[in-house]
Amino acid sequence: MGVVYIGDRAVGKTHLALELANPQGNYVQVSLVNQNYQNLEANLLNLDGTAKPTQSIEKRSLDVKVRLSTGISKVLVDWIDSPGELFRRSWQSEHINEWQDFKETVGKSEGIFLIVPPYREILQPHINQENYITQQQWCNRFNRWTDFFIYDCPQARRIVICLNKADLIDCNLEQEISKLAYLPHGSTMNWLQRHNYVVNSYFLPLKQQLEQINSSRSGLSVRCFITSIYHRSLLELPWIYLASYLA
């Protein structure tokens, strides 16, 4: 089993996947199994460009090809679009079969790709903070992901956690892009250095949980990234990482 792509409600999973599937990629190209890009866009977005709400668990297959210095690597991806209530016990008890199917798919996957939102305290001053959760809420919500990774992902070898909407964060994003950039022959950072930099800059409140996941069993590795649909190099970076180890 390849990689499962999941995330919190209204975190931008749909737009992130659509942008990744955009034919104008750099190192990453995506083929949509049994569907083209235009049809997928029409099925997932409203006329105003907003994502249609997800009422039930929907699984789509993506064929991700990544151009590495060693050649082309392929990563098979199950994109699981789920309602925001997925981890509520009431939803699970009312949708027993869907919940079990979800757990079975994730339980067999070697890679997990999780999308999380930014929290209020790191947003640019002009952003309406009421639309985002606080740092404490963000940490509390991540506790469920910590348990999920430890107890429900027994086959996972690589877990990628992406802080999405990096364009809203109060930082010099162009400078961050330059630091984190992937260059086939001469990147300024290796994968571990990128991870440590991103954790210390953006994931520090979760450092204890990240260490807990990493140490939960031998052979498991967690890496953190920042992503944005407006910056292709950030968008592709976690997929290049996964292709380097799981292809």
Side-chain angles (χ1 to χ4, degrees), residues 4-17 50-51 53-54 80-91 112-153 156 158-180 189 191-216 220-231 234-235 237-238 241:
V4 168
Y5 175 81
I6 56 179
D8 285 330
R9 180 175 61 87
V11 73
K13 298 187 303 295
T14 299
H15 285 96
L16 208 60
T50 59
T54 304
I80 300 180
D81 209 1
S82 61
E85 301 79 16
L86 176 66
F87 283 91
R88 293 181 182 175
R89 291 183 179 178
S90 58
W91 189 94
I112 311 292
F113 197 110
L114 172 68
I115 312 298
V116 298
Y119 49 91
R120 291 181 187 178
E121 287 81 352
I122 61 172
L123 295 174
Q124 298 172 24
H126 68 276
I127 303 297
N128 183 0
Q129 297 192 356
E130 295 302 316
N131 295 328
Y132 296 88
I133 59 178
T134 66
Q135 177 180 300
Q136 186 58 56
Q137 291 171 318
W138 190 70
C139 293
N140 292 342
R141 182 178 291 185
F142 193 79
N143 286 334
R144 74 182 186 188
W145 288 117
T146 301
D147 291 339
F148 176 74
F149 289 138
I150 292 174
Y151 300 112
D152 294 317
C153 306
R158 302 285 166 175
I159 294 175
V160 163
I161 303 172
C162 295
L163 182 65
N164 196 27
K165 303 183 180 180
D167 48 287
L168 304 182
I169 296 174
D170 190 14
C171 68
N172 186 332
L173 193 55
E174 292 301 326
Q175 182 176 304
E176 299 292 74
I177 292 171
S178 179
K179 286 181 182 178
L180 298 169
M189 293 185 182
W191 294 115
L192 181 57
Q193 290 170 333
R194 288 188 183 96
H195 168 74
N196 288 335
Y197 178 80
V198 170
V199 168
N200 289 326
S201 300
Y202 306 103
F203 284 84
L204 204 55
L206 299 180
K207 196 166 186 177
Q208 184 176 351
Q209 290 99 316
L210 295 172
E211 291 174 353
Q212 185 180 355
I213 298 168
N214 249 329
S215 62
S216 62
L220 176 61
S221 179
V222 179
R223 293 291 182 265
C224 295
F225 297 85
I226 56 174
T227 50
S228 168
I229 61 172
Y230 303 110
H231 299 276
L234 291 179
L235 176 64
L237 197 59
Y241 163 75

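We count residues from 1, following the sequence as given.
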Going by the rule side chain to side chain contact (heavy atoms under 4.5 Å, CB included), which residues pair with Thr146 if we only count those two or more places apart in sequence or in a different chain? Phe142, Ile150, Gln209, Gln212, Ile213

Stepwise side chain to side chain contact (heavy atoms under 4.5 Å, CB included) check, Arg194 with Leu237: CA-CA 10 Å; Arg194 288 188 183 96; Leu237 197 59; 4.0 Å; yes

Which value, rounded to the nearest 0.5 Å, describes the distance between Cys139 atom SG and Tyr119 atom OH? 7.5 Å

Side chain to side chain contact (heavy atoms under 4.5 Å, CB included) between Lys207 and Asn200: does it pass, once the steps are laid out? CA-CA 8 Å; Lys207 196 166 186 177; Asn200 289 326; 3.5 Å; yes

Ring pair (Phe, Tyr, Trp, His ring centres under 6.0 Å) filter on Phe225, not counting sequence neighbours, yields Tyr241

Using side chain to side chain contact (heavy atoms under 4.5 Å, CB included) as the criterion, list what pairs up with Asp170, not counting sequence neighbours. Gln124, Pro125

Under 4.5 Å between any side-chain heavy atoms of Tyr202 and Cys171, yes or no? yes

Say you draw a straight line from CG of Leu123 to CZ of Arg120; how long is it, rounded to the nearest 0.5 Å? 9.0 Å

How many angstroms lie between NE2 in His231 and CG in Asp167, if you round to the nearest 0.5 Å? 5.5 Å

How far does SG of Cys153 sit from CD1 of Ile159, to the nearest 0.5 angstrom? 5.5 Å

Qualifying residues under ring pair (Phe, Tyr, Trp, His ring centres under 6.0 Å), relative to Tyr132, sequence neighbours excluded: none

Thr134: partners by side-chain hydrogen bond (donor to acceptor under 3.5 Å, both in side chains), with sequence neighbours left out: Gln137

Which atom names give the shortest non-hydrogen contact between Val160 and Pro238, and what distance separates them? CG1-CB, 3.7 Å

Just jot down the side-chain hydrogen bond (donor to acceptor under 3.5 Å, both in side chains) partners of Asn131, sequence neighbours excluded, or say none. none

Which one of Val116, Thr227, Leu114 satisfies the side-chain contact (heavy atoms from CB on, under 4.5 Å) criterion with Cys162? Thr227

Sequence-distant partners of Gln193, side chain to side chain contact (heavy atoms under 4.5 Å, CB included), two or more places apart: Met189, Asn190

Residues two or more places apart in sequence or in another chain: which of them pass side-chain hydrogen bond (donor to acceptor under 3.5 Å, both in side chains) with Asn140? Gln136

Are any non-hydrogen side-chain atoms of Leu163 and Trp138 less than 4.5 angstrom apart? yes

Starting at CG of Leu234, measure out to CD1 of Ile229 and round the result to the nearest 0.5 Å. 12.5 Å

Should Leu210 and Cys224 count as side-chain neighbours, where that means a heavy-atom distance under 4.5 Å? yes

Flag side-chain contact, heavy atom, 4.5 Å: Asn196 against Leu192: yes

The single option from Ile161, Ile6, Leu16 passing side-chain contact (heavy atoms from CB on, under 4.5 Å) against Ile115: Leu16

Return the set of residues passing side chain to side chain contact (heavy atoms under 4.5 Å, CB included) with Gln208 (not counting sequence neighbours), or none when no residue passes. none

Who are the side-chain hydrogen bond (donor to acceptor under 3.5 Å, both in side chains) partners of Trp191, not counting sequence neighbours? none

Tell me, do Leu180 and Ile226 make a side-chain contact under 4.5 Å, heavy atoms counted? yes

To the nearest 0.5 Å, what is the distance between CD (Glu211) and OG (Ser216)? 12.5 Å

